[in-house]
Amino acid sequence: MTKQTILVINCGSSSLKFALIDVATKEESLSGLAQRLGASDASITIKFNGEKQTFSLAASYNHQAALAALIEFLQTNSLTQSIVAIGHRVVHGGEMYHQPTLINDEVMAQLKSLSNLAPLHNPANIQGIEAALAAFADLPQVAVFDTAFHQTMPNKAFLYAVPQQLYKEHSIRKYGFHGTSHYFVSREAATMLDKDIEALSLVTVHLGNGCSLAAIEAGQSVDTSMGFTPLAGVTMGTRCGDIDPGVIFHLTTHCGYTVEQVDTMLNKESGLLGLSGISNDCRTLEDQALEQNNPQAKLALDVFSFTIAKSLAAMTVSLSKLDGIIFTGGIGENSDYVREQIVKQLAVLGVAIDPELNAQAIRGKSLNIATAPSPAVLVVPTNEEWVIANQTHQLIQG
Ligand code: ADP
């Protein structure tokens, strides 16, 4: 059979991540990132055949230019012929999209109408789709939504206790994000545990720059920590997670901040960065806390771990039992320190890990680090690109 690949595109406001994935082998034949799009020092880095090459996008430095540079590279290396479809990560699908969806004019119009629910993310996703539609007019293009997996949450989990008209008229509710990651690692966990996903009750813990948890009963999301936006839930790299909404009224009414300033502060200057005053990067903070004895770095990691442990315990309320906890994302997959700090605070749930196994579970290793009789504690590398490629392929086959 001739080789079939899917081009996966994940567009941020100033970045465009991409990967070319072989549907038969799951292998990434090429991957990369265009960054600082919109600025004059925009560049694109492409990893191919074990080599990384960076090109300047200086002449015209938008999403279209990034895609044009990528296409040129794909053509030069005879990689375009194998592409059968393009899969796009779309952050917000609202209540409209429960499944990956083939993009057409009607879907594009609906995605645009959903942009007000995710003004920081969806417009960038749409820009990426438009650039790809212009460049690959003959290929099917599929939208895979971050929110879709959480559409199975019951209303007691997704409704906020606010006047009902806010939900009915303005779609104010909890949506949840990181759906492709929670979906993927829960299925990987079932394979590792040699159980049917239908028989399992799991909490998945995705800890990257953004962080979220999900309660997964019989394979379906029944609760999650993020909310109407990805700002809610646990402490993150630069996002504050849950705070009393009264803080926002106080800052804007009494402390002289504008709404825009508070928005920026809570999204971009809070979390690990705000607490430590040093960095949003967990590795840097661990180094500062453990090697340099920096109290602010230690405090930031303490708050981080505490909010995650607390959210994890809260997720169990939606489960019939607790078969396993799954750590994933850059921090969840690599930081034995953070995992240990979280698990230490879950003794009441009977969760315990082996320090040696915990130390071994780094750099892409999948491992069960629990000690009997604790529920399983799995470290599972996530692969959102593969989920997007696979779901795109399944849809076009179907
Ligand atoms: P994104 O959400 O942008 O995809 P990632 O999932 O790549 O982010 O996670 C980035 C985070 O993972 C950073 O805080 C980084 O410090 C952390 N991280 C990566 N490797 C390690 C490590 N070995 N130890 C601790 N933290 C790590």
Side-chain angles (χ1 to χ4, degrees), residues 8-19 28 31-36 45 47 89 91 120-121 124-125 146 176-182 184-185 188 204-214 225-226 229-231 233-241 267-292 294 297-298 300-305 307-308 326-343 355 358-367 369 379-388:
V8 175
I9 292 181
N10 178 355
C11 228
S13 55
S14 63
S15 69
L16 190 155
K17 268 195 220 169
F18 49 86
E28 270 187 14
S31 64
L33 172 70
Q35 329 183 53
R36 296 182 299 280
T45 301
K47 210 165 107 187
R89 175 188 181 214
V91 169
L120 295 177
H121 299 94
N125 302 154
D146 261 25
F177 300 88
H178 287 145
T180 50
S181 180
H182 291 294
F184 176 76
V185 298
E188 289 288 294
T204 46
V205 186
H206 179 110
L207 307 178
N209 280 311
C211 302
S212 72
L213 289 83
S225 60
M226 281 181 171
T229 71
L231 182 58
V234 300
T235 306
M236 306 180 215
T238 61
R239 290 176 231 158
C240 60
N267 271 295
K268 301 198 168 140
E269 298 162 4
S270 296
L272 290 173
L273 174 64
L275 280 165
S276 68
I278 302 169
S279 173
N280 64 318
D281 190 282
C282 184
R283 245 175 315 193
T284 307
L285 293 181
E286 277 185 34
D287 180 56
Q288 286 288 322
L290 306 176
E291 308 294 330
Q292 319 291 330
N294 182 310
K298 172 80 171 58
L301 290 170
D302 282 352
V303 173
F304 183 64
S305 306
T307 63
I308 294 162
I326 298 132
F327 285 105
T328 193
I331 300 172
E333 292 166 29
N334 291 299
S335 175
D336 52 338
Y337 175 74
V338 167
R339 291 190 300 247
E340 184 198 343
Q341 297 307 306
I342 295 169
V343 166
N358 185 31
Q360 283 169 29
I362 50 168
R363 286 196 287 277
K365 216 179 271 173
S366 298
L367 208 59
I369 60 174
V379 178
V380 180
T382 194
N383 194 343
E384 288 160 284
E385 286 74 22
W386 164 245
V387 176
I388 295 172

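For ligands, and for the atoms within them, numbers begin at 1 and follow the listed sequence.
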min-distance protein heavy atom vs atom 17 (C) of ligand 1 -> I331 CG1, 3.6 Å
Under 3.5 Å, side chain of S225 to main-chain N/O of L213, donor-acceptor pair present?
yes
Taking Y337 as the fixed residue, which of L301, I342, I331 is the one that meets the side chain to side chain contact (heavy atoms under 4.5 Å, CB included) rule?
L301
Per-atom filter on ligand 1: closer than 4.0 angstrom to a heavy atom of G210 are 2 (O)
Starting from atom 4 (O) of ligand 1, what is the nearest protein heavy atom, named by residue and atom, and what distance separates them?
K17 NZ, 4.3 Å
Atom 24 (N) of ligand 1: which protein heavy atom is closest, and how many Å away?
R283 CG, 3.5 Å
For atom 16 (O) of ligand 1, which protein heavy atom lies nearest, and how many Å away is it?
D281 OD1, 2.7 Å
In this structure, which one of D336, N334, N358, V343 forms a side chain to side chain contact (heavy atoms under 4.5 Å, CB included) with F327?
V343
Which residue and atom name correspond to the protein heavy atom nearest atom 3 (O) of ligand 1, and how close is it?
N209 ND2, 2.9 Å
Taking only non-hydrogen atoms of E286 and a 4.0 Å limit, the atoms of ligand 1 in range are 25 (C)
Give me the residue, atom name and distance of the protein heavy atom closest to atom 14 (O) of ligand 1.
C282 N, 3.0 Å
Check this for me: does any side-chain nitrogen of one of D302 and K298 sit under 4.0 Å from a carboxylate oxygen of the other?
yes
With a 3.5 Å distance limit and no angle check, can you tell me whether R89 reaches the backbone of C11 through a side-chain donor-acceptor pair?
no
For atom 18 (N) of ligand 1, what's the nearest protein heavy atom and its distance?
G330 O, 3.6 Å
min-distance protein heavy atom vs atom 23 (N) of ligand 1 -> N334 CB, 3.4 Å
Taking only heavy atoms of S335 into account, list the atoms of ligand 1 that are under 4.0 Å away from them.
25 (C)
